[in-house]
Amino acid sequence: MTDWTDPDTFARALERADTKEKGNCFEDFEEGDVIEHDPGLTLTRFGNEQWMSQTLNHDPAYWRTDAAEARGFDEPPIHPDYLTAATLGITVEDLSEKGGYFLGRTDVRFPGTPVYAGAELHVESEVVDCATSSSRPEYGIVSWRTRGTDAETGEVLCSYERTNMIPRREPVATDGSGAAAAEESEADGPDLPEEFVTPEGGYFEDFAEALERADDENAAVAYRHERGRTQDDVTVASLPLATLNTAKQHHNVDVMSDSPSGDIVTYGDVTRSTALGHARSDEETWREVGFDDESFHTFVAVGDTVYAFTRVLEADDNDASSDEAGTVRFEHIAFNQDDEPVYSGTRTAEIRKRSG
């Protein structure tokens with residue numbers, strides 16, 4: 001009688017057995033396809049607070065009833081970062097579980113009304129583009145338009161467009177790190193302004209005044225944030241699982257041991273949210289409006305520390321949802337302990353006025 005647990009026997013059995021693979025290859029996507037993602041997710045206070053606490057997002061309006069009511073909410077709402085991560089996490093099994101590079105995301109938008117705990121998130125994605133990669137023929141490039149909706153009302157809660165390299169059916173080695181394969185320019189050197197201006201505070205007027213000062217000279221409103229967050233088992237493994245992100249690059253040390261990172265890597269939305277948490281700790285955020293031109297430049301692994309750098313692009317006093325706030329557009333860059341950029345994107349937010 002065969003002992004299937006005998007090491008030699010089992011090794012031979014493994015060699016002969018087929019693997020029931022997860023995820024889809026590039027050839028499985030066609031432009032115009034609409035994919036409904038199961039199972040969905042109920043947004044909870046616990047999940048929201050776990051995400052915010054681990055990424056250092058401490059805006060009291062998302063924690064305390066009194067602060068929420070003062071901001072115009074009925075109760076502490078779901079934070080946009082957790083909502084975005086949950087929306088993307090649900091899609092991973094169908095879209096990007098095979099691995100490949102997360103090239104970017106843009107047009108991240110939220111509804112005009114707040115989202116509260118208990119909302120049941122339903123997510124669907126449409127394939128908007130499929131292209132060949134000239135630099136990496138073992139991959140294709142796929143873009144999806146994703147919408148997360150309230151399963152009960154049909155209201156759109158979060159939407160965005162993201163682009164990934166996706167492996168073709170021929171197996172290839174990939175670290176799945178989320179590192180963008182951008183071509184480096186041959187510029188002679190950086191063309192930076194002579195001076196960096198730092199806002200004196202975190203209110204709308206502080207950003208507007210800093211931009212005015214920068215306009216008078218060869219300067220930019222740009223500064224770094226003091227906090228850092230070293231990646232640990234919670235941020236690298238637990239937070240993705242809480243959003244149903246099943247990608248092996250966050251959970252399978254065995255597979256990732258031969259990758260450039262040598263270990264499991266951080267979910268891009270954890271990196272992003274951590275950097276944004278650092279930035280928000282130095283401002284008086286009123287509302288999040290949206291995000292554009294997001295890119296992930298290299299992987300972040302266990303033990304890496306995420307820091308943040310901010311550049312203020314413009315301030316508008318006439319385009320906010322409340323007289324108590326003004327609208328500011330930022331560029332945020334997350335970087336690691338070696339000062340290497342790991343994420344970048346533009347963000348539009350309403351910032352509280354000091355006089356409000």
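In this text, all values refer to a predicted model and were calculated from it rather than measured experimentally. Quick note: numbers below take in every heavy atom, side chains included, and nothing from hydrogens, waters or symmetry partners.
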Please report the interatomic distance [atom1]([X]) to [atom2]([Y]), rounded to the nearest 0.5 Å.
X    : Y    : atom1 : atom2 : result
D263 : F299 : CG    : CZ    : 10.0 Å
I141 : L103 : CD1   : CG    : 6.0 Å
Q231 : N336 : CD    : CG    : 10.5 Å
I90  : T87  : CD1   : OG1   : 6.5 Å
W144 : L88  : CH2   : CG    : 9.0 Å
F26  : I166 : CZ    : CD1   : 9.5 Å

Under 3.5 Å: donor-acceptor pair, side chain of [X], backbone of [Y]:
X    : Y    : result
K248 : V255 : no
D94  : T91  : no
D292 : D107 : yes
D33  : E30  : yes
R287 : R71  : yes
T153 : E155 : yes
D150 : E152 : yes
N57  : S273 : yes
N48  : Q50  : no
D232 : T235 : yes

Electrostatic pair [X]:[Y] at N-O distance under 4.0 angstrom:
X    : Y    : value
K98  : D28  : no
D206 : R354 : yes
D317 : K353 : yes
R145 : E126 : no
R168 : E138 : no
R213 : E209 : no

**Request:** Would you indicate whether D233, at its atom CG, is surrounded by more than 12 heavy atoms from other residues, nucleotides or ligands within a distance under 6.0 Å?
**Result:**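 Open.
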
**Prompt:** Hey, is CZ on R109 packed in by over 12 heavy atoms from elsewhere, all under 6.0 Å?
**Reply:**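 Result for CZ/R109: enclosed.
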
**Item:** Derivation of the side-chain hydrogen bond (donor to acceptor under 3.5 Å, both in side chains) call for H225 and S281
**Value:** CA-CA 9 Å; H225 306 276; S281 71; 5.3 Å; no

**Prompt:** Is there a side-chain hydrogen bond (donor to acceptor under 3.5 Å, both in side chains) between T230 and T305 once you walk through the steps?
**Reply:** CA-CA 4 Å; T230 300; T305 302; 2.7 Å; yes

Distance under 6.0 Å and angle within 45° of ring axis: [X] vs [Y]:
X    : Y    : value
R272 : F291 : yes
R105 : Y160 : yes
R162 : F102 : yes

Quick check on the hydrophobic clustering: are [X] and [Y] connected, directly or via other members, by side-chain heavy-atom contacts under 4.5 Å?
X    : Y    : result
L313 : Y223 : no
L121 : W51  : yes
Y307 : Y343 : no
V270 : Y82  : yes
L83  : L41  : yes

**Prompt:** What residues join W63 in its hydrophobic cluster, counting side-chain heavy atom gaps under 4.5 Å, either direct or through other members?
**Reply:**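 Direct or chained contacts put W63 with M52, Y62.
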
**Request:** Establish, from distance only, whether the side-chain atoms of E97 and T246 form a donor-acceptor pair under 3.5 Å.
**Result:**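 T246 and E97 do have a side-chain donor-acceptor pair below 3.5 Å.
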
**Request:** Compute whether any side-chain donor of one residue and acceptor of the other, for S125 and H37, lie under 3.5 angstrom apart.
**Result:**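 Yes, because at least one side-chain N or O of S125 sits under 3.5 Å from a partner of the opposite role on H37.
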
**Message:** Could you walk me through whether E283 and R347 satisfy the salt bridge (Lys or Arg N to Asp or Glu O under 4.0 Å) test, starting with their C-alpha distance in whole Å, then the side-chain angles of each, then the deciding distance to 0.1 Å, before giving a yes or no?
**Reply:** CA-CA 13 Å; E283 67 184 49; R347 164 178 168 249; 2.5 Å; yes

**Asked** Taking the inter-plane angle between the rings of H332 and F330 on a 0 to 90° scale, is it parallel (under 30°), tilted (30 to 60°) or perpendicular (over 60°)?
**Response**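 Aromatic pair H332/F330 classed parallel.
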
**Message:** Using 30° and 60° as the class boundaries, would you call the ring planes of Y116 and F73 parallel, tilted or perpendicular?
**Reply:**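 Y116 vs F73 ring planes: perpendicular.
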
**Request:** Would you please test E195 and N218 for side-chain hydrogen bond (donor to acceptor under 3.5 Å, both in side chains) and show each step?
**Result:** CA-CA 7 Å; E195 182 182 354; N218 181 18; over 6 Å; no

**Request:** Would you check if E294 and V108 make a side-chain contact, meaning some heavy-atom pair closer than 4.5 Å?
**Result:**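 They are in side-chain contact.
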
**Request:** Find out whether V128 and E161 are in side-chain contact, i.e. whether some heavy atom of one side chain is under 4.5 Å from a heavy atom of the other.
**Result:**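 Side-chain contact under 4.5 Å: yes.
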
**Prompt:** With ring centroids as reference points, do W286 and F204 lie under 6.0 angstrom apart?
**Reply:**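 Between W286 and F204, the centre distance exceeds or equals 6.0 Å.
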
